[in-house]
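One structure below.
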Amino acid sequence: MLGALFPTAHDRRLIPQARLTGPMPWVIAVMLFLTLLASAAALALGSAADQINADLAGRATVQIVNADADVRQRQADAAQAVLRSDRAVAAVSRISDAEVRSLLSPWLGSGALSEDIPLPSLIDVNFRAKADPATLRRLRDALGEAAPDARIDAHGQWLRPVFDLIGTLRWLAIALVALLALASIASVVLSARSSFAAHAETIDIMHLLGSTHAQIARLFQRRIALDAALGALIACLLAAPVLWLLGQAAARLDSGLVSAGSFGPLDWLLLATVPIAGIALAVVTARMAVLGALRKKL
C-alpha cells in the first residue's frame, strides 16, 4: 500500500527526489499549518455556539420593575406561583436583592447602589425543554394578568447578536480552509508541471519503452506524496504547540464563553484528518495534473 504512494529507489533514480532542499515540502507545510489553525478555529467556534445555545435555550429571566417595594413583592410572589403551575417550567428561583446589587456593582459601582434605590425583582426560570416562542407567549399572557409589571426574557434572545457573530466567524474560518485548499492545489499543479517539464526527455524514453500514462503519473504522485508527508509532519509539529498555548491562554481567562469552545474527542479526531486529507489532495492533484500534461504532449 505504501509502495503505491511513496517513491521506491527505482523511482528516485528516474525522477530525483529533492526532499527538504526543494520548496514544495515547505509550501505544503505552511498551507497545512494555516489550514490546521483555521480548522481549529471553525471547530472551536462551532463547539462554543452549540454549548452556549444548549445551556441558554432552556432558561429565561422574569423581571418586575416597580418603585413600590410592597407592590413589587406581591407581583413577584404572584409571578412565581404562575410559573410553578406551568407544565413547561422545571424550576423557579427568586434572586435576592443582595445578589442583584452584587451583579450591578461592577457596572454601576458599589457606592451608587444605596439601600434607597429600588431594584427590580428577578426570577430565574428553567424550562424542561427548549423555550419556544409559543411557550414564552403563553407565559407572557399569564404573567400579564397576575403581575402587570413582569417581563420575561429568554436568555438566548439576549445573546442572539453573539450567536450571529460566532456563526459569521465560523463560516469565515471555513471559507479560509477552502481558500487554503485551493492555494495548495494550485501549488501542487505548478510543481507537478514544472517537474514534468524538467524530466521531459526521461518521459519520452519511458514512452518509447512502453510505459503507460498511469505508470508515468504514478512516479510523480509518489514524489509529491513524500513532499506532502514531510510538509504535513512539519505542519503538525508547528501547529501542536500553538494550539496548546492558545488553549492554555483561553483557560486562564476563566470565561464561560471561551471555555465553551474547548475541543471534544470528535473535534480532535476531525483535526487529525486535516493532514491526511492534505496528503491525499496533493497526490490526487499531482496525478490529474500529470495525466493532463501527458494527454497534451502525446
Side-chain angles (χ1 to χ4, degrees), residues 27-61 63 103 106-107 124-127 129-137 140 151-188 231-232 235-236 238-278 280-282 285:
V27 171
I28 293 177
V30 171
M31 294 296 183
L32 282 178
F33 172 72
L34 296 176
T35 302
L36 283 168
L37 295 185
S39 301
L43 291 172
L45 290 169
S47 176
D50 293 341
Q51 185 173 334
I52 295 172
N53 189 46
D55 292 341
L56 299 182
R59 300 186 63 183
T61 297
Q63 181 180 187
L103 291 172
W107 304 96
D124 253 345
V125 183
N126 291 329
F127 295 95
K130 182 178 179 180
D132 54 16
T135 300
L136 294 174
R137 193 181 309 113
R140 286 192 183 97
R151 186 181 69 187
I152 183 170
D153 296 309
H155 289 188
Q157 294 177 350
W158 295 352
L159 291 178
R160 179 55 53 191
V162 177
F163 289 146
D164 293 341
L165 176 60
I166 290 176
T168 301
L169 292 176
R170 185 185 185 188
W171 282 111
L172 181 61
I174 293 173
L176 182 58
V177 170
L179 289 175
L180 288 169
L182 292 176
S184 299
I185 290 173
S187 300
V188 171
C236 290
L238 293 175
V242 171
L243 293 176
W244 182 82
L245 289 173
L246 289 175
Q248 294 298 311
R252 286 195 295 270
L253 291 177
D254 194 23
S255 170
L257 182 61
V258 175
S259 62
S262 59
F263 286 166
L266 181 59
D267 295 324
W268 285 113
L269 181 61
L270 291 174
L271 204 59
T273 62
V274 172
I276 300 174
L281 181 63
T285 301

Open item on the list: Checking Leu180 now: which residues fulfil side-chain contact (heavy atoms from CB on, under 4.5 Å) with it, not counting sequence neighbours?
Closed with: Met31, Leu34, Thr35, Leu176
TODO: Name all residues meeting the salt bridge (charged side-chain N to carboxylate O under 4.0 Å, His left out) criterion together with Asp124; count only those two or more places apart in sequence or in a different chain, and write none if there are none.
DONE: Arg59
- [ ] Spell out, as yes or no, whether a donor-acceptor pair under 3.5 Å connects the side chain of Thr168 to the backbone of Asp164.
- [x] yes
- [ ] For Leu243 and Ala40, work out which heavy atoms get closest and say how close.
- [x] CD2-CB, 3.6 Å
Open item on the list: Going by side-chain contact (heavy atoms from CB on, under 4.5 Å), name the residues that satisfy it together with Leu165, two or more places apart in sequence or in a different chain.
Closed with: Leu169
Open item on the list: Under the rule for side-chain contact (heavy atoms from CB on, under 4.5 Å), what residues qualify as partners of Ile276, not counting sequence neighbours?
Closed with: none
TODO: Kindly compute the distance separating CG (Leu136) from CG (Asp153), expressed to the nearest 0.5 Å.
DONE: 9.0 Å
Open item on the list: Among residues at least two apart in sequence or on other chains, which ones pass salt bridge (charged side-chain N to carboxylate O under 4.0 Å, His left out) with Arg137?
Closed with: none
- [ ] Considering non-hydrogen atoms only, spot the tightest contact between Ala181 and Leu281 and give its length.
- [x] O-CD2, 4.2 Å
Task: Heavy-atom closest pair, residues Ala173 and Ala41 - done: CB-CB, 4.4 Å
Task: Which residues share a side-chain contact (heavy atoms from CB on, under 4.5 Å) with Leu172, sequence neighbours left out - done: none
Task: Nearest non-hydrogen partners of Ser39 and Val274, listed with the distance - done: OG-CG2, 3.9 Å
Open item on the list: I need the Ile174 CD1 to Leu179 CG distance, nearest 0.5 Å.
Closed with: 12.0 Å
Open item on the list: If I take atom CG from residue Leu271 and atom CG from residue Leu36, how far apart are they, to the nearest 0.5 angstrom?
Closed with: 5.5 Å
Open item on the list: Looking at every heavy atom in both Ala235 and Leu32, which two are closest together, and how far apart are they?
Closed with: CB-CB, 3.6 Å
